[in-house]
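Positions are given from 1 along the sequence.
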Amino acid sequence: MKQFIARIALVVNDYDEAIEFYTKKLNFLLVEDTSLGEGKRWVVIAPRGEDNCSLVLAKADSAEQKSRVGNQTGGRVFLFLYTDDIARDYQNMTAKGINFKRLPEKMPYGTVAVFEDLYGNLWDLIQPIDEQQQQQQQQ
């Protein structure tokens, strides 16, 4: 049996502001934006180069859902964005105004930095050790 996680729902306040943030600041692709009627949309975004897992931007439409925007995991890191060059991405993201809560730091599994999205959800930006070793060998 083969299984994988294809989509993760991310509760947002507004479709368009979320699309703007993820496509302009994080350089994600807008994979799909389909009207479902009555103000609902099926909005899918994904990091460039990723074709297995993407985010579904789900607009909060109740008080309970609105209370979860920006805090879907109780203040813990929620999503993990892997990169092949953390220095490049850190520089690009800070230039676009992304707020980093923790600067890049070497860990046993690679280099990691923590940033927050437009709603305050925490993300790890990770360059795994394998990628780093390959990059160092090429230099």
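Residue Asn71 comes nearest to Asn121 through the heavy atom pair N-OD1, 3.5 Å, listed as atom of the first residue, atom of the second, then distance. Ile98 and Glu116 get closest at one heavy-atom pair: CG2-O, 4.1 Å. Shortest non-hydrogen contact noted between Phe78 and Ala9 is CZ-O, 4.2 Å. When every heavy atom of Cys53 is checked against every heavy atom of Ile8, the shortest pair comes out as SG-CD1, 3.9 Å.
By the side chain to side chain donor-acceptor pair (under 3.5 Å) test, Asp14 pairs with no residue at all, sequence neighbours left out.
Cluster annotation: Leu26 is connected to Leu79 through the hydrophobic network of ILVMFWY side chains, with a link wherever side-chain heavy atoms come within less than 4.5 Å.
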Q. Run the side-chain hydrogen bond (donor to acceptor under 3.5 Å, both in side chains) check on Asp117 and Tyr22 step by step: do they pass?
A. CA-CA 8 Å; Asp117 68 15; Tyr22 287 104; 2.6 Å; yes
**Q.** Glu64/Ser62 under side-chain hydrogen bond (donor to acceptor under 3.5 Å, both in side chains): CA gap, chis, key distance, verdict
**A.** CA-CA 5 Å; Glu64 183 177 359; Ser62 71; 5.5 Å; no
Q.
One pair to check against side-chain contact (heavy atoms from CB on, under 4.5 Å): Tyr119 and Val11. What are the steps and the verdict?
A. CA-CA 10 Å; Tyr119 298 115; Val11 182; over 6 Å; no
Q: For the pair Arg41 and Ile19, evaluate side-chain contact (heavy atoms from CB on, under 4.5 Å) and give the outcome as yes or no after the intermediate values.
A: CA-CA 12 Å; Arg41 290 158 59 182; Ile19 291 169; 3.5 Å; yes
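The aromatic rings of Phe28 and Trp123 lie perpendicular to each other, with more than 60° between the two planes, well past the 30° mark.
A 6.0 Å sphere centred on CD1 of Ile5 holds no more than 12 heavy atoms belonging to other residues, nucleotides or ligands. Atom CZ of Arg48 is surrounded by more than 12 heavy atoms from other residues, nucleotides or ligands within 6.0 Å. Atom OH of Tyr82 is surrounded by 12 or fewer heavy atoms from other residues, nucleotides or ligands within 6.0 Å. Counted within 6.0 Å of NZ on Lys101, heavy atoms from surrounding residues, nucleotides or ligands total 12 or fewer; the atom is thus considered open. Crowding of Glu17 atom CD: a count of heavy atoms from other residues, nucleotides or ligands under 6.0 Å exceeding 12.
Proximity of a side-chain donor or acceptor of Lys25 to a complementary backbone N or O of Lys96 within less than 3.5 Å is detected.
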